[in-house]
Amino acid sequence: MTEIRLEGIRKRFGRTVAVDGIDLVVPAGNLFFLLGPSGCGKTTLLRMIAGFIRPDEGRILFDGREVTRTAAEKRDCGMVFQSYALWPHLSVFENVAFGLKVRRLERSAIERKVQRALQGVRMEAYAERKPTELSGGQQQRVALARAMVIEPKVLLLDEPLSNLDAKLRLEMRSEIRSICNESGLTAVYVTHDQEEALSMADGMVVLRDGKAMQQGPPRDLYRRPANRFVADFLGESNFLDAETIAVDGATATLRTPAGEIRSSAFDSAEPPRAGVTLSIRPEALKIDAAGGGNRLEGTLRSTMYLGKVAQHLVALDGDAGEMKVFQPDPEHLPAVGDRVRLSVDPDSVVVLPG
Ligand code: ATP
């Protein structure tokens, strides 16, 4: 298993700074995601790990050994691309065998390894077919087998599921997850799909304009985003401007246009001061719930029933703006124009820099 370490990585293309000083550690054996909107530098970063692009500044280390200037073919990385990049004139078997032939393995060893790689992605029955005779999902499985067959130390995946339909994407998510678990290799996966990242990652970094906005396990980033960009990019959130009134241990009391709100979701080493922004997830707001927590009141503006969830927009009293609210398993729906009482637990009110 290989730990990947990036130190102060920078890359410019002309005037564009594609990657702007990234420090990152991908622990050995992790499935790690580079996540961010189009143009944030994900692919450039992945290609630098692969060795296809050389950084202008910084160092790349595999298990403490510097590989910044090591040629791509000497880095022991398997790559999977969005476009599959299979050779159309070769059979599935030959596509997967290619990397082993280049490495001049014996015929019997090649057959054994290709067989095993195809079994790993459940494609052994298709060995004689040409890529054009396969579905998109099957082609991507072959591409995965081709990357895995050389037994790489590191697997790099660049938007591998974006060409697949929604159902196949879900299937392939769990397949890639289990292949990574079983092989124990370190994988770096590029996507702009936050749900894909949240559902598969051991760890992730959210990038913006070539910079790291936050890194950590998916649950930490979702529940405790460090800034408005991460809160907004990972799922949906409501934002409220607030002034700090008091901090008492682990609880802060804040003044907002919607009334006083208490929060316990902040770094106790850096308690909120003065002006901040509060982030509240739509699913953290409960309609007409009894019990403790913060209370907000308003009028239902609109509602959309989606079966397993209803999405409401509530105009808060005091011209405090609108709140998006997700109501799971909705049995009784409020009607547009109804008065609505919302509650939210202090632990779900995240304090962000103002
Ligand atoms: P996407 O999700 O759209 O693929 P990305 O996050 O992978 O985007 P990159 O492809 O890494 O982003 O590009 C980062 C920035 O660098 C972009 O502004 C892009 O236009 C620029 N860029 C990337 N490659 C080159 C290149 N070879 N020449 C010039 N500019 C480039």
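Counting starts at 1 for both ligands and their atoms, in listed order. Only this structure's heavy atoms are used, side chains among them; waters, hydrogens and symmetry mates stay out. These numbers come from a predicted model, not from an experiment.
- Residue Ala18 has no nitrogen or oxygen atom sitting less than 3.5 Å from a nitrogen or oxygen atom of ligand 1, judged on distance alone.
- For atom 31 (C) of ligand 1, the nearest protein heavy atom (residue, atom name, distance) is Phe13 CD1, 3.2 Å.
- Comparing His192, Lys11, Lys42, Arg47 against atom 2 (O) of ligand 1, the shortest heavy-atom distance belongs to Lys42.
- The side-chain heavy atoms of Val247 and Phe266, taken from C-beta on, include a pair separated by under 4.5 Å.
- Close contacts between ligand 1 and Pro37 involve ligand atoms 6 (O) [criterion: under 4.0 Å to a heavy atom].
- Distances shorter than 4.0 angstrom occur between a heavy atom of Gly39 and an atom of ligand 1.
- The protein non-hydrogen atom at the shortest distance from atom 12 (O) of ligand 1 is Gly41 N, 3.3 Å.
- Under the 30°/60° scheme for interplanar angles, the aromatic rings of Tyr189 and Phe33 are found to lie parallel.
- Taking each of Leu45, Thr43, Asp158 in turn, the one with a heavy atom nearest to atom 4 (O) of ligand 1 proves to be Thr43.
- Here the heavy atom of the protein found nearest to atom 13 (O) of ligand 1 is Thr44 OG1, 3.8 Å.
- Taking a distance limit of 4.0 Å, we find that atom 19 (C) of ligand 1 is approached by no protein heavy atom.
- A salt bridge links Arg339 with Glu297: at least one charged nitrogen is closer than 4.0 Å to a carboxylate oxygen.
- Within a 6.0 Å sphere centred on CG of Asp248, heavy atoms belonging to other residues, nucleotides or ligands number 12 at most.
- Note on Val190 and Phe52: same hydrophobic cluster, where clusters join Ile, Leu, Val, Met, Phe, Trp and Tyr whose side-chain heavy atoms are under 4.5 Å apart, directly or indirectly.
- Here the protein heavy atom with the shortest distance to atom 3 (O) of ligand 1 is Ser38 OG, 2.6 Å.
- The backbone N or O of Ser264 sits nowhere less than 3.5 Å from a side-chain atom of Thr251 that would complete a donor-acceptor pair.
- Residues Leu46 and Met79 share a closest heavy-atom pair of CD2-CE, 4.0 Å.
- Distance check for atom 24 (N) of ligand 1: a protein heavy atom is found below 4.0 Å.
- Considering every non-hydrogen atom in both Lys130 and His89, the closest pair reads CE-O, 3.2 Å.
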